[in-house]
Every structure is written in C-alpha cells, then in structure tokens.
Amino acid sequence: MSDIRNIVILTGAGISAESGLRTFRAEDGLWEEHPVEEVATPEGFRRDPALVQRFYDERRAGVQAVQPNAAHEALGRLDREWSGELLIVTQNIDDLHERGGARRVLHMHGEALSAWCTSCDARHRWETTLLDGPPCPACGQASMRPDIVWFGEMPYRMGEIFHALSRADLFVSIGTSGAVYPAAGFVQHARESGARTLELNLEESLGSRMFAETRLGRASELVPRWVDELLRGLQHG
Ligand code: APR
C-alpha cells in the first residue's frame with residue numbers, strides 16, 4: 001500500500017445505478033428505448049434535433065432529481081483525504097461525484113448540466129430545457145446543444161487522462177461494462193505503466209480479465225469498503 005501515491009479511477013453508469021439513474025446496457029437500459037444512432041450521434045442531432053434535445057432534457061432533469069449514493073460519498077472522502085495525485089475520470093454525465101464531495105473529477109463524455117453553443121463555442125451551466133432553443137447567454141444565438149460527447153466525437157481531455165494513466169500506481173474501474181472505447185482501453189495503458197489494477201463491478205465486465213483483481217458486488221458496498229482499506233493502508237494485491 002505505502003507505494004501507492006498516484007491513483008486514477010474510471011467510473012461508469014454502474015456507480016450511479018443505486019442513485020436511481022438507469023445504466024445503458026442492462027435489459028431496462030437507456031439504449032433499449034432509444035437507439036444510440038438516434039439520440040447520441042451528431043447525425044441523429046442533425047436528423048431530428050427536437051428528439052435529441054428532448055432526450056437530454058429528460059436526462060438533465062433526471063440527474064437533478066436524484067442524490068449521490070454511498071459510493072460517490074466514499075470517493076468524495078478519498079478526494080479530501082488523499083494527499084497523492086488522484087483523478088476520477090467519469091463516463092457519466094451526472095454531477096453525483098461532485099455532489100458526493102469529489103473535486104478532482106473529469107467528465108470525458110461531457111455533462112448533462114452543461115450547454116454548448118455551436119455558434120460561439122461557449123459552454124454554460126444549464127439546468128432547464130434546451131428544446132425551445134434559448135439564446136446563448138454569450139452570443140445570443142439560439143444554437144445551443146447538449147454538452148455531451150456523442151458516438152463518433154472525441155472524448156474530452158484525453159491528453160490529461162493518458163498523462164495521469166502513465167503516472168498511476170493504481171487504476172480502479174468502478175461500474176462500467178468495458179463496452180466503449182477509449183475508456184475500455186485505459187486498463188491496458190495503466191498496466192503498461194506498471195500500475196496495479198482493480199475492478200469493482202456488479203458483474204464480470206468485458207474487461208475483467210485485464211484486471212489483477214475484480215470484486216463483484218454493488219458499488220454502494222464495495223467502494224466505501226475499498227476506500228476504508230486504502231486510507232487505512234491495508235490495500236492488498
Ligand atoms: N454497482 C456496481 N456496478 C453496477 C451496478 C451497481 N449497483 N449496477 C450496474 N453495474 C454495472 C453493470 O454490471 C455494468 O457492467 O455497471 C455497468 C454499466 O454498464 P453500461 O450500462 O454499459 O454503462 P457504461 O459502462 O458506463 O457505458 C459506457 O457507453 O453508451 C456509452 O456514453 C455511454 O458513458 C457510457 C458508455
């Protein structure tokens with residue numbers, strides 16, 4: 001444990017599941033009702049902007065209607081107490097990490113509570129609807145889209161992420177199926193950098209075989225227990 005200083009954590013929809021936010025690939029997942037191509041691609045937005053705006057209006061309201069769970073709060077505690085480097089890279093567009101107390105959070109797929117003006121490139125915190133085409137607070141144009149990284153678009157701040165992975169002593173993946181790249185490839189990069197690897201997930205994921213250790217269970221139980229271990233210096237493996 002004492003040789004662990006720099007930590008990178010990757011989170012996915014599974015860490016927010018117990019807060020009441022749906023994941024993507026479960027049988028009742030978001031992609032069951034809304035084919036990805038229609039609501040999470042630039043082509044879908046061009047084809048039917050109202051459908052896409054409605055989909056993200058729903059998610060923007062949804063994330064404000066739920067609360068962080070014990071897993072988010074445990075990572076908030078880790079962020080406060082960890083003196084080494086820490087980066088929480090989340091694929092999630094909710095703000096539950098921040099409301100759970102974490103500060104060192106990087107939203108690689110964007111944020112539900114952010115609007116992006118396609119005219120002036122400004123981004124604004126946004127809590128209400130974009131469906132009725134509100135004017136951009138910076139340039140006045142009615143040209144704001146959800147600040148979400150859609151399929152086919154480049155995830156945000158990849159340079160920072162790979163820099164952190166190359167320095168990591170420990171890489172922990174929480175609540176992600178390992179179905180989507182580049183996030184699914186982070187564990188390989190961490191291993192090549194000599195980092196220890198740990199997966200905390202409800203079930204075996206597509207990437208489980210890449211991890212030195214996988215613990216199966218609910219994030220609200222596994223994550224607080226792991227943070228306690230780490231902060232008490234009992235980290236094994
Ligand atoms: N605790 C821990 N893990 C859980 C829990 C829970 N309570 N509930 C579900 N999981 C796990 C599931 O077993 C699954 O492996 O979380 C994972 C969720 O997988 P996905 O639904 O595929 O979500 P995610 O991995 O975040 O998807 C990645 O795909 O569609 C894109 O942009 C979207 O960010 C998303 C990305």
Side-chain angles (χ1 to χ4, degrees), residues 8-45 52 55-56 58-60 62-63 66-75 88-97 100 105-114 116 145-158 161 171-187 197-211 213-227:
V8 175
I9 297 172
L10 172 68
T11 66
I15 199 170
S16 298
E18 291 162 88
S19 294
L21 293 181
R22 291 161 71 180
T23 62
F24 293 94
R25 293 173 181 83
E27 57 290 339
D28 66 340
L30 273 166
W31 295 152
E32 292 309 306
E33 271 172 46
H34 304 277
V36 165
E37 299 70 31
E38 280 178 18
V39 292
T41 61
E43 297 73 24
F45 186 57
V52 175
F55 178 73
Y56 286 99
E58 283 165 20
R59 300 190 68 204
R60 191 171 308 112
V63 304
V66 299
Q67 299 303 320
N69 64 56
H72 298 109
E73 287 164 356
L75 294 188
I88 300 170
V89 180
T90 187
Q91 302 172 90
N92 301 339
I93 63 173
D94 61 58
D95 64 339
L96 297 178
H97 280 304
V105 180
L106 191 163
H107 288 268
M108 65 179 288
H109 288 167
E111 298 177 71
L113 297 177
S114 175
W116 176 20
R145 58 165 270 188
D147 185 11
I148 301 291
V149 177
W150 286 326
F151 287 90
E153 296 183 325
M154 178 60 74
Y156 289 156
R157 299 166 60 185
M158 291 300 291
I161 294 170
F171 174 73
V172 185
S173 176
I174 304 171
T176 182
S177 62
V180 172
Y181 284 81
F186 290 170
V187 58
T197 55
L198 170 65
E199 179 184 39
L200 309 177
N201 207 53
L202 189 64
E203 60 204 349
E204 289 275 309
S205 74
L206 293 171
S208 289
R209 60 181 168 70
M210 300 293 292
F211 287 86
E213 183 187 357
T214 291
R215 298 180 190 176
L216 299 182
R218 298 212 311 252
S220 63
E221 288 157 21
L222 293 180
V223 179
R225 198 179 309 152
W226 168 67
V227 168

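Whatever order the structure lists them in is the order used to number ligands and atoms, beginning at 1. Any value given below was found using the heavy atoms of this structure, including those in side chains, with hydrogens, waters and symmetry copies removed.
Counting only heavy atoms of the protein, atom 28 (C) of ligand 1 lies nearest to Gln91 OE1, 3.3 Å. Atom 6 (C) of ligand 1 has Gly14 O, 3.4 Å as its closest protein atom, hydrogens excluded (heavy atom only). Scanning the protein heavy atoms around atom 17 (C) of ligand 1, the nearest turns out to be Gly175 O, 3.6 Å. Nearest non-hydrogen protein atom to atom 35 (C) of ligand 1 is Phe24 CE1, 3.5 Å. For atom 25 (O) of ligand 1, the nearest protein heavy atom (residue, atom name, distance) is Thr176 OG1, 2.7 Å. When hydrogens are left out, the protein atom nearest atom 7 (N) of ligand 1 is Glu18 OE2, 2.9 Å; that is the closest non-hydrogen contact. The protein atom (non-hydrogen) at minimum distance from atom 12 (C) of ligand 1 is Glu203 OE2, 3.6 Å. Scanning all protein heavy atoms for the shortest distance to atom 3 (N) of ligand 1 gives Leu202 N, 3.2 Å.
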For residues 173-187, dump all side-chain donor-acceptor pairs below 3.5 Å to protein atoms at least two apart in sequence or in another chain.
unit_1, atom_1, unit_2, atom_2, d
Thr176, OG1, Gln91, NE2, 2.8
Ser177, OG, Ala179, N, 3.3

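Distances below 4.0 Å separate heavy atoms of Gly217 from the following atoms of ligand 1: 1 (N), 2 (C). Atom numbering of ligand 1 starts at 1 in the shown order; those under 4.0 Å from a heavy atom of Gly12 are 26 (O). Listed by atom number, the atoms of ligand 1 under 4.0 Å from Phe151 heavy atoms are 30 (O), 31 (C). Close approach of ligand 1 to Ala17 (heavy-atom distance below 4.0 Å) involves ligand atoms 8 (N). In the vicinity of Arg218, heavy-atom distances shorter than 4.0 Å reach the ligand 1 atoms 1 (N).
Ligand 1 has a nitrogen or oxygen under 3.5 angstrom from a nitrogen or oxygen of Asn201. Between Leu200 and ligand 1, not a single N/O pair is under 3.5 Å apart. Annotation: Gly178 places no N or O atom under 3.5 Å from an N or O atom of ligand 1; distance criterion only. In terms of N/O distances under 3.5 Å, ligand 1 is approached by Ala13.
Nearest-heavy-atom check against atom 2 (C) of ligand 1 across Ala40, Ala219, Pro155 picks out Ala219. Evaluated by nearest non-hydrogen atom to atom 31 (C) of ligand 1, the leading choice among Arg22, Arg25, His109 is Arg25.
None of Ile9, Thr90, Leu106 except one satisfies the side chain to side chain contact (heavy atoms under 4.5 Å, CB included) rule with His97; the exception is Thr90.
Looking at Trp150 against ligand 1, nothing comes within 4.0 Å, counting heavy atoms. Residue contacts with ligand 1, taken as heavy atom pairs separated by less than 4.0 Å, involve Val180 solely via side-chain atoms from C-beta onward. Contacts between Ala179 and ligand 1, counted as non-hydrogen atom pairs separated by less than 4.0 Å, are absent for every part of the residue.
Between Ile148 and Arg145 the shortest heavy-atom distance is O-NH2, 2.7 Å.
Using a 4.0 Å cut-off between charged nitrogen and carboxylate oxygen, Glu18 and Arg218 count as a salt-bridge pair. Residues Arg215 and Glu204 are not paired through a salt bridge, judged by the lack of any N-O separation under 4.0 Å between the basic side chain and the carboxylate. Looking at Arg22 and Glu33, a side-chain N of the basic residue comes within less than 4.0 Å of a carboxylate O on the acidic one, giving a salt bridge.
Using cut-offs of 30° and 60° for the angle between ring planes, the Trp150 and Phe45 rings count as tilted.
In the model, Ser205 has a side-chain atom that pairs as donor or acceptor with a side-chain atom of Ser208 under 3.5 Å. Inspection of the Ser16 and Asp94 side chains reveals an N or O donor paired with an N or O acceptor under 3.5 Å.
Taking CZ of Arg60 as the start and CD of Glu58 as the end, the distance is 11.0 Å to the nearest 0.5 Å. To the nearest 0.5 angstrom, Ile15 atom CD1 is 12.0 Å from Leu21 atom CG. Leu113 contributes atom CG, which lies 8.5 Å from atom CD1 of Ile93 (distance to the nearest 0.5 angstrom).
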**Message:** Please evaluate residues Asn69 and Ser19 with respect to the criterion side-chain hydrogen bond (donor to acceptor under 3.5 Å, both in side chains), reporting the C-alpha separation (whole Å), side-chain torsions for both, the decisive distance (0.1 Å), and the verdict.
**Reply:** CA-CA 6 Å; Asn69 64 56; Ser19 294; 3.0 Å; yes
